[in-house]
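Below: one structure, written as C-alpha cells.
Every value quoted in this text rests on a predicted model; they were computed, and no experiment measured them. In each ligand, atom 1 is the first atom listed, and ligand 1 is the first ligand listed.
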Amino acid sequence: MSEYKIAVIPGDGIGKEVVREACKVLDSSARKNNFKLNYESFNWGSDFYFKNNKMMPENGLQILSDFDAIFLGAVGHPKIQDHITLNGLLLPIRRKFDQFVCLRPSVLFEGVESPLTGMNPGEIDLVVVRENTEGEYANVGGFQYENFDDEIAIQSSVFTRKGTERVIRYSFDLAMDRSKKLTSITKSNAQGYSMVLWDKVFSEVSKDYPEVSTNSLLIDAACMDFIRKPSDFDVVVASNLFGDILTDIAAMITGGLGLASSGNISEDRSNPSMFEPTHGSAPDIEGKNIANPLAQILTAAMMLSHLGENIAADSIREAVKIVLKTRNKLTTDLGGNASTTECAEEVISNLQ
Ligand code: NAD
Ligand code: IPM
Ligand code: MN
C-alpha cells in the first residue's frame, strides 16, 4: 500500500475549518483507494505568533522538507499586519521549496451561477499559471528615513531569465496537454525592463511549441476580457502579482473564492509542493462553520493528483461536481444554507 507523509498547516481563520473537513474527505478517499496518508499537523500561524512572536519555529522549513506534500488552509489575522504573517509563513515556504508554479484552475461547474449573464456550465474552463517565487514578490527593498517626514520605501521586482523561462515553458507544456492555446500576460507598455524580458522569453520559447497558438495581453486588458469574454481563455501565464489579481477575478466569475483551488508546485520532486486554496482566512466569517469547504477539497484533489493518486483525485472532483449539480448541502456563498461540515459530508457520501 502506498503511504504519503503530509504536513498539515490549518493556519488561521476559516483555514482551520476547511482543512478539518477536507482531511475527512481525504481520509475517506484514501480508504476507498487503498493508500495511506500519514498526517502531521502543525499549529503554526497567528496563534503561534501571539505566543512565540514568530509564525513558525526557527527550523520550520527544515521540518517541512521531510514531507511528500504540504496541505495548508490560510494565513492572515486582523490583529497582525499581513506582511508579518505572510512573510513569516506562507511566502518563505513557496520560496524555500522553489514552488515556482502556482496552478489555479477555474471551471464554471453545472449548478453554479456565474455573476456574468449568459454563461453556461463549462463555458469557462481556464487555468492560470502564476509565477510564484520572484517577480513583484521578490523580498527585495527597504525603508529609508523610516517614520520621518521624508520616508522612502523601495520595493524591487526581480525577473530572472531562468525564473521567467521555466514558468513559461511549464505553461506551454500544459497548453500542449489541453487545447494548445496560451495567453501571456504583460505590461511592457509601462514596465520597460521586467515585462520586456518576459515578452522576449515568451516569444523565444514559443518557437519550441509551433502547435500552440499564442497571444499576449496587457494585464489591464486581460482583467477586462476575463469578464467580457472569459471563454476565450484556456491556459494563461502571468507574473506573480498579475497572476494573484487575475485569479481572484477567475474565481469570482466561476462561483467565487469558495471554489477556487490552488497548488504551489515544485518541479524538483525532492521538495514538497504545497496545496492551499486561493482564498484567505476570511475573518468576516471565521468560527461560524459556514465557510465553503469545496475550494480546500478541490485543492486536496490537486494534491492527490500530484502524489500520483489520480483515480482518487478524479473521484473527489466528481463528488464535488455532483454536490454542485444537485445543489444539495451547499454553503451560503453558493446560495445554500448548509454548514461547512454538512457540505463536506455530502462530498464524502458521493465519493465512489
Ligand atoms: P479572503 O479570501 O479571506 O476573503 C475574501 C472574501 O471572500 C470574504 O468576504 C470571505 O468571507 C469570502 N470567502 C473567502 N473564502 C471563502 C470560503 N471558503 N467560503 C465562503 N466565503 C469565502 O480575502 P481577504 O479578506 O482579502 O483576506 C483575509 C486575510 O487572509 C488577510 O489577512 C489576507 O492577507 C489573507 N490571505 C491569505 C491567503 C492565503 O493564505 N493563501 C490568501 C488570500 C488572503
Ligand atoms: C494568494 C494570496 C497571497 C498571495 C497573499 C496572502 C500573500 O493572496 O495566495 O493568492 O498574494 O500570493
Ligand atoms: Mn490572492
*Does His83 approach ligand 2 within less than 4.0 angstrom via side chain, backbone, both or neither, non-hydrogen atoms only?*
neither
*Is ligand 2 under 4.0 Å from a heavy atom in the side chain of Arg130, in the backbone, in both, or in neither?*
side chain
Could you check [atom] against the protein and tell me its nearest heavy-atom contact, residue, atom and distance included?
atom: atom 6 (C) of ligand 1; result: Leu257 CD1, 4.4 Å
atom: atom 14 (C) of ligand 1; result: His279 CB, 3.7 Å
atom: atom 1 (C) of ligand 2; result: Arg104 NH2, 3.4 Å
atom: atom 33 (C) of ligand 1; result: Asp82 OD2, 3.8 Å
atom: atom 28 (C) of ligand 1; result: Pro283 CD, 3.6 Å
atom: atom 7 (C) of ligand 2; result: Leu86 CG, 3.6 Å
atom: atom 16 (C) of ligand 1; result: Ile14 CD1, 3.8 Å
atom: atom 8 (O) of ligand 2; result: Asp244 OD1, 3.3 Å
atom: atom 11 (O) of ligand 2; result: Tyr137 OH, 2.5 Å
atom: atom 2 (O) of ligand 1; result: Gly280 N, 2.7 Å
atom: atom 13 (N) of ligand 1; result: Ala282 CB, 4.2 Å

*Nearest-0.5 Å distance that lies between atom CD1 in Ile9 and atom CD1 in Ile93*: 4.0 Å
*When rounded to the nearest 0.5 angstrom, what distance separates CZ in Phe275 from CG in Leu307?*
6.5 Å
For the residue pair [Y] / [X], report whether a side-chain donor-acceptor contact shorter than 3.5 Å exists.
X: Thr341; Y: Asn289; result: yes
X: Arg104; Y: Ser262; result: yes
X: Tyr137; Y: Asn132; result: no

*Given Arg94, Glu134, Arg130, the one that forms side-chain hydrogen bond (donor to acceptor under 3.5 Å, both in side chains) with Asn240*: Arg130
I want to confirm something. Looking only at heavy atoms, which of [options] is nearest to [atom]?
atom: atom 41 (N) of ligand 1; options: His83, Glu286, Glu276; value: Glu276
atom: atom 40 (O) of ligand 1; options: Val75, Ile9, Leu334, Leu89; value: Val75
atom: atom 9 (O) of ligand 1; options: Thr332, Asp284, Leu294; value: Asp284
atom: atom 21 (N) of ligand 1; options: Asn292, Ile290, Ile285; value: Ile285

Is atom [atom1] of [X] surrounded by more than 12 heavy atoms (other residues, nucleotides or ligands) closer than 6.0 Å?
X: Lys200; atom1: NZ; answer: no
X: Lys329; atom1: NZ; answer: no
X: Ile154; atom1: CD1; answer: no

_Cluster link Val112 to Leu257, ILVMFWY, side chain under 4.5 Å_ = no
*Test of proximity, Thr278 against ligand 1: N or O pairs below 3.5 Å*: no
Which of the ligand 1 atoms, numbered from 1, are nearer than 4.0 Å to a heavy atom of [X]:
X: Ala74; result: 40 (O)
X: Leu86; result: 34 (O)
X: Gly258; result: 17 (C), 18 (N)
X: Gly76; result: 32 (O)
X: Ala291; result: 19 (N)

*Does Ser281 have a non-hydrogen atom less than 4.0 Å from ligand 1?*
yes
*asked:* Looking at every heavy atom in both Ala74 and Ser281, which two are closest together, and how far apart are they?
replied: CB-N, 3.5 Å
*Would you say Asp248 has an N, O or S atom lying under 2.8 Å from the Mn ion (ligand 3)?*
no
*May I have the step-by-step check of side chain to side chain donor-acceptor pair (under 3.5 Å) for Ser206 and Glu204, ending in yes or no?*
CA-CA 5 Å; Ser206 72; Glu204 285 169 14; over 6 Å; no
*Given the side-chain rings of Phe42 and Phe71, with only the six-membered ring counted for Trp, is the space between their centroids under 6.0 Å?*
no
*Quick one: are the ring centres of His77 and Phe50 less than 6.0 Å apart?*
yes
*Given Asp268 and Ser266, is the side chain to side chain donor-acceptor pair (under 3.5 Å) satisfied, shown in steps?*
CA-CA 5 Å; Asp268 176 353; Ser266 175; 5.6 Å; no
*asked:* At less than 4.0 angstrom from any non-hydrogen atom of Arg94, what atoms of ligand 2 do you find?
replied: 1 (C), 4 (C), 9 (O), 12 (O)
*Side chains of Leu259 and Leu334: does their closest heavy-atom pair fall under 4.5 Å?*
yes
*Using a distance threshold of 4.0 Å (strictly less than), state whether atom 26 (O) of ligand 1 has a protein heavy-atom neighbour.*
no
_Asp244, N/O/S atom nearest the Mn ion (ligand 3)_ = OD1
